[in-house]
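Chain identifiers are assigned alphabetically (A, B, ...) following the order of the sequence lines, protein sequences preceding nucleic acid strands; residue numbering begins at 1 within each chain.
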Amino acid sequence: MDPILDGLNHAQREAVTSSAPVLQVLAPPGSGKTKTLTARVAYLLSHHGYQPQDVICCTFTIKASREMRERLSKLIGEKLQSRLILGTFHSICRRYLVKYGYLIGLRKGFGIADSDDTRAILRRIIKRLKSTIDVRAAQGRISKHKAHGLSPRDLSDKVKADEVELVEIYSAYNEALAAANLLDYDDLLVRCCDLLREHPECVSNVQTVLVDEFQDTNIIQYELMNLFAAKHRRITIVGDPDQSIYGFRSAEIQNLRRMQKKYSNTSVVLLESNYRSCGSILNSAQDVIEQDTTRPAKKLEATHKFGTLPVLRKLPNPNAEATWMVLEIKRSIALTGDLLRMCDFAVLLRSASLSTRIESAFGRAGIPYKMVGGRKFFDRVEVKTLLNYLRVVSHSDHSDALLNIINVPPRRIGDETIKQLTGGAEKAGVTLWVFIKDVIQGRRATEKKLQKAAELGLCALVKLIDASRQKLQDCADASAPCVLLEYIVESLSFQEYLLKTYPLDEDGRWANVKELMGQASDVVTSDGETNPEEDLPEIEGVEQQQTHPGEEALSRFLANVALATEAQSKDEDDGGSGSVTISTIHAAKGLEWPVVFIPAVYNGSIPHSRAEVVDEERRLLYVAMTRAQALLYLSLPLKQPRVGEGEDGSTSLTPFLPPRIVKSRFRLKGPQFHEQVVYGIADTLRRARPTAEELCKDIATLPSILDDRWTSEGEEVRAEDNGWNHQQNWGDSTQEPSTKRRRYDDERRALTSNSITSHKSGTSSTFMVPTTMSTGGFTSARDYIAVQPEDSKSGASSQAKAQVITTSAHQDGLNQASISTFFGNPGVSRTKDRSSQPNFPSAKSTSHDRLASSTKPQPQSAPSHVPVSLASHRLQPRPLHPSRPALEPAGPTSYTWMAAPTSSDALKPARMFSSPAFQNQMSESTSKGPGETTPASSSSVRSKAFYTTTMDQVRQQAPTTTGRRTLGIRRSMNGWADRMKREKTGGQGDRMQ
DNA sequence: CTTCTCCTGCTTTTT
DNA sequence: GCAGGAGAAG
């Protein structure tokens, strides 16, 4: 059999091998979408004879495209992979515009305006026009117009009163961009569309186009896809309407429909089996998403066991919520006997701003974490300043960058001078840079004479920039960004400047500068040949614009910075267990973790108070929930001083979790980690089950083996009631167990031995329920039932089904049930689908409850059979189970065996696992090993990919790691001092060190 | 005229 | 903490 198809289920295979020219693969979370898309690329290359450089593959995030490259490296080999035109829409467009932009009058060396630039430009314009429109609002509305392909002229026809003002700003904004030779994010797409419309020959080589996460495309991106595929009209898309969470960015789910209409030969393949999460998590997520009544019903079949119920936890306030997460992380690690590591946990947030409290709680508790999402690193002032210098060097027309550095470090150039210069430049009709140069070289004069000091400062600046530019000319290779950065840092005495300006944390800021330099040297590392990612195949009759290699390296570096989402990573090798990921939900899309926390599930946070479309917020929650493999925790603080609606700061649970769902799908406290629960987690993660000894060994480090510091109603349990000493610092696990704690040790041993007994006897009905006074018998009892029962049934139904339907636009195309499932009348197909669903999860919940209540009055635990000494017994951590069982069709593991023998990858199949734990674990050894230097591999082979930028990866190879490695933490530490000062007032009594 | 300091309001999500 | 504005001090 074809090795590309190895490990694919029937439906996935159907999708991969489909001979349909236009194919839509629609699939719920965890069903192996990306895997399918990747395999299809490989299949098309090998079976249809397409050349890689004739295949375009679009993703939405850099992370996704990097992951795709990695997977493809393994499937088709590094060499072929690197020739594919693969990247985000934006980066692919940039590539085309660099080479062919001249055809539509784009000036050479254009820069990319990031959202700061955009905002600065708009602020200026709005001020000048004396408009009252909010800058951010204008930014959003203009972006929206661009995403719909509407120019100011298009808009001026529609004479809506409130639009007139905006249109004026819009066109002034476009002029400003043009004057500075800048393209904003939307322009990259729009201009590329222009290019391909006027010069379709630029993509005449393209055989086929593939698009990931198609539900997130907006009109322009959809148009681009069509233009890319214009010649042969062969397109594959994968997507899931339920995961459409970019409506705010003008994504249109309608594009799925539009595409079917446009291409009457569209085939649709549905994937329905979920390989990621345990059944209980899927059920709860499914219940959430099904509240959307406008949504066509869709199947989602669990292939895993039911597992343990998700948790919905109430806590008194956000600080308690953060502390609770710390406790639960520690508790679940300790009670699962090395099954879970720090890197198995993720905290997913609606808003990045929610992270601060969590970060500080984690910091205090010594839990390593990394924050993903947001572009914090490149937004740091010191980093931004240096980047702006580079931008000015690369691109002298970039007036905003110039304005940002004109007086940094201080050069005695103040407001008045700046006013003179910008005013003068505008009058003279030249860019700021040209004007400044003219002034100090005596060719022009400002209206009012400049101060001597200011003039001297300007001279120094111009001198530096010109010298840098000369250096750039002399540097004809990819080291340019690094060389320039060093030169500028030295010329400015930047370190001393930092020292003077930020005496408190000069250290951290200098570390950031070093980090930036490290990232810049990335480009050098991947040298040798020019970066293959940037090449486009030569096409006869169309000339590509040639560029100076140093200049190109610099502008590519700057573009990568502008287009990078996840700027930062952190040390992964801190004792080998990695760190907890804190991420926005948006940034977490497409990823998975064994344990997921979703805090702040209150009305106002999710759905966000500013959200325009509630359904999208629900989908967001759905996406977040479906990231979890084995354990899912939702939580909400009952009081939220600032945001929530109530005057007293009290919050209400998100409407997406009505009582009905909470009751049937959630428990109110963290699970008890008795043996069966732990086994369930191990099985879902396909890791080895821990031994009884391992389960016991860390108990002593816990303040309690139960989630009982707060009641299930979210009230603080009084200290004397429960052995909870609230003064104690939870970060300090070396603390001696309190006298009260011994009680839990006993219970735990009892619990374990009981479970062992029942396991041996092979029946589930002999469970003892270890209860404590403070835990509701109801939840724990239900817990016991929940882990046990339906394994066998779900196993039987786990065979995947494929439905392949060919639509015909002429027949209205939608007469088939499965299609209408997605696009047509939801009412009809819905009930039908329902009945065909495996009935185990929802149908059983009532009987659970009944059983649960009947189980309730269980006796207290039996005496222990495990020797007391076992509790402190320490075992060597065992390696995690290396591979997924064969029945698992998902997981990139399966690509291993067909990796091209030319690649060194083929030698180490063990490297490829889909769980983040393995990713991290393996990538460590990979990146450190000698002889690991497949030339182009730096950007793609290392499976670090999950959390780092391309640039970060290289940093790891760099020998200078020590200084920069702990950056992420250090940076966060800087913040703690301040935060803690503030939190002291309303805080929890947690001590700071 | 520049620079420093204090104050205010802010924060949805991303390329 | 962070950006931007206002006002006082150099």
Nearest whole angstrom, please: distance from the [atom2] of [N] to the [atom1] of [X].
X: A:Arg136; N: B:dT12; atom1: CZ; atom2: P; answer: 7 Å
X: A:Met371; N: C:dG1; atom1: CE; atom2: C1'; answer: 15 Å
X: A:Asp615; N: B:dT13; atom1: CG; atom2: C1'; answer: 16 Å
X: A:Ile413; N: B:dT3; atom1: CD1; atom2: P; answer: 9 Å
X: A:Asn603; N: B:dT12; atom1: CG; atom2: C1'; answer: 15 Å
X: A:Gln243; N: B:dT14; atom1: CD; atom2: C1'; answer: 16 Å
X: A:Ile245; N: B:dT14; atom1: CD1; atom2: C1'; answer: 10 Å
X: A:Arg618; N: B:dT12; atom1: CZ; atom2: C1'; answer: 18 Å

Determine whether a donor-acceptor pair (N or O, by modelled atom type, separation under 3.5 Å) exists between the side chain of [X] and the backbone of [Y].
X: A:Glu617; Y: A:His608; result: yes
X: A:Thr654; Y: A:Leu657; result: no
X: A:Ser244; Y: A:Pro241; result: no

Please classify the nucleic acid contact of [X] as base, sugar-phosphate, or nothing, using heavy-atom distances under 4.0 Å.
X: A:Arg619; result: nothing
X: A:Asp415; result: sugar-phosphate
X: A:Phe89; result: nothing
X: A:Asn407; result: sugar-phosphate

(request) Kindly state which residues belonging to residues 416-425 of chain A come within less than 4.0 angstrom of DNA chain B, counting heavy atoms of the residue only, listed by number. (result)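 A:Glu416, A:Thr417 - these, ordered by number, are the residues of the stretch whose heavy atoms sit under 4.0 Å from the strand.
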(message) Using a 4.0 Å cut-off on heavy atoms, which residues in residues 450-460 of chain A reach DNA chain B? List them by number, or say none.
(response)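 Under 4.0 Å from DNA chain B: A:Gln451.
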(request) Identify, between A:Glu616 and A:Lys449, the residue whose nearest nucleotide on DNA chain B lies closer to the 5' end. (result)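 It is A:Lys449, whose closest nucleotide lies nearer the 5' terminus.
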Is it true that the side chains of [X] and [Y] contain a donor and an acceptor less than 3.5 Å apart?
X: A:Arg249; Y: A:Asn218; value: no
X: A:Gln221; Y: A:Glu223; value: no
X: A:Thr59; Y: A:Asp212; value: no
X: A:Thr118; Y: A:Gln139; value: no

(request) Could you pull out the closest heavy-atom pair between A:Asp400 and A:Ile121, with the gap in Å? (result)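 Heavy atoms of A:Asp400 and A:Ile121 come nearest at OD2-CG1, 3.1 Å.
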(message) Parallel, tilted or perpendicular: which one describes the rings of A:His398 and A:His395, with boundaries at 30° and 60°?
(response)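 Perpendicular, since the angle between the ring planes exceeds 60°.
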Polar atom pairs between nucleotides 3-10 of chain C and protein, under 3.5 Å, N or O only, would you list them?
| unit_1 | atom_1 | unit_2 | atom_2 | d |
| --- | --- | --- | --- | --- |
| C:dG4 | OP1 | A:Arg123 | NH2 | 2.6 |

(request) Answer with yes or no whether A:Arg610 presents, from its side chain, a donor or acceptor under 3.5 Å of a partner atom in the base of B:dT12. (result)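 Per atom types, no contact qualifies.
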(message) Does B:dT12 have OP1 or OP2 under 4.0 Å away from a side-chain N or O of A:Ser353?
(response)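 No, outside the criterion.
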(message) Contact between A:Leu621 and A:Arg618 at the side-chain level, heavy atoms closer than 4.5 Å - yes or no?
(response)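 No, every pair of side-chain atoms sits at 4.5 Å or beyond.
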(request) With the side chain counted from C-beta on, respond yes when A:Phe557 and A:Ser394 share a heavy-atom pair under 4.5 Å apart, and no when they do not. (result)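 Counting from C-beta outward, A:Phe557 and A:Ser394 never come under 4.5 Å.
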(request) Please find out if less than 6.0 Å separates the ring center of A:Tyr170 from that of A:Tyr173. (result)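 No, ring centres 6.0 Å or more apart.
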(request) Kindly point out which of B:dT12, B:dT3, B:dT14 is positioned nearest to the side chain of A:His586? (result)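 Nucleotide nearest to A:His586's side chain: B:dT14.
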(message) For B:dT14, is there a stacking contact with A:Phe248, counting only centres under 5.5 Å and planes under 30°?
(response)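 So A:Phe248 does not count as stacking on the base.
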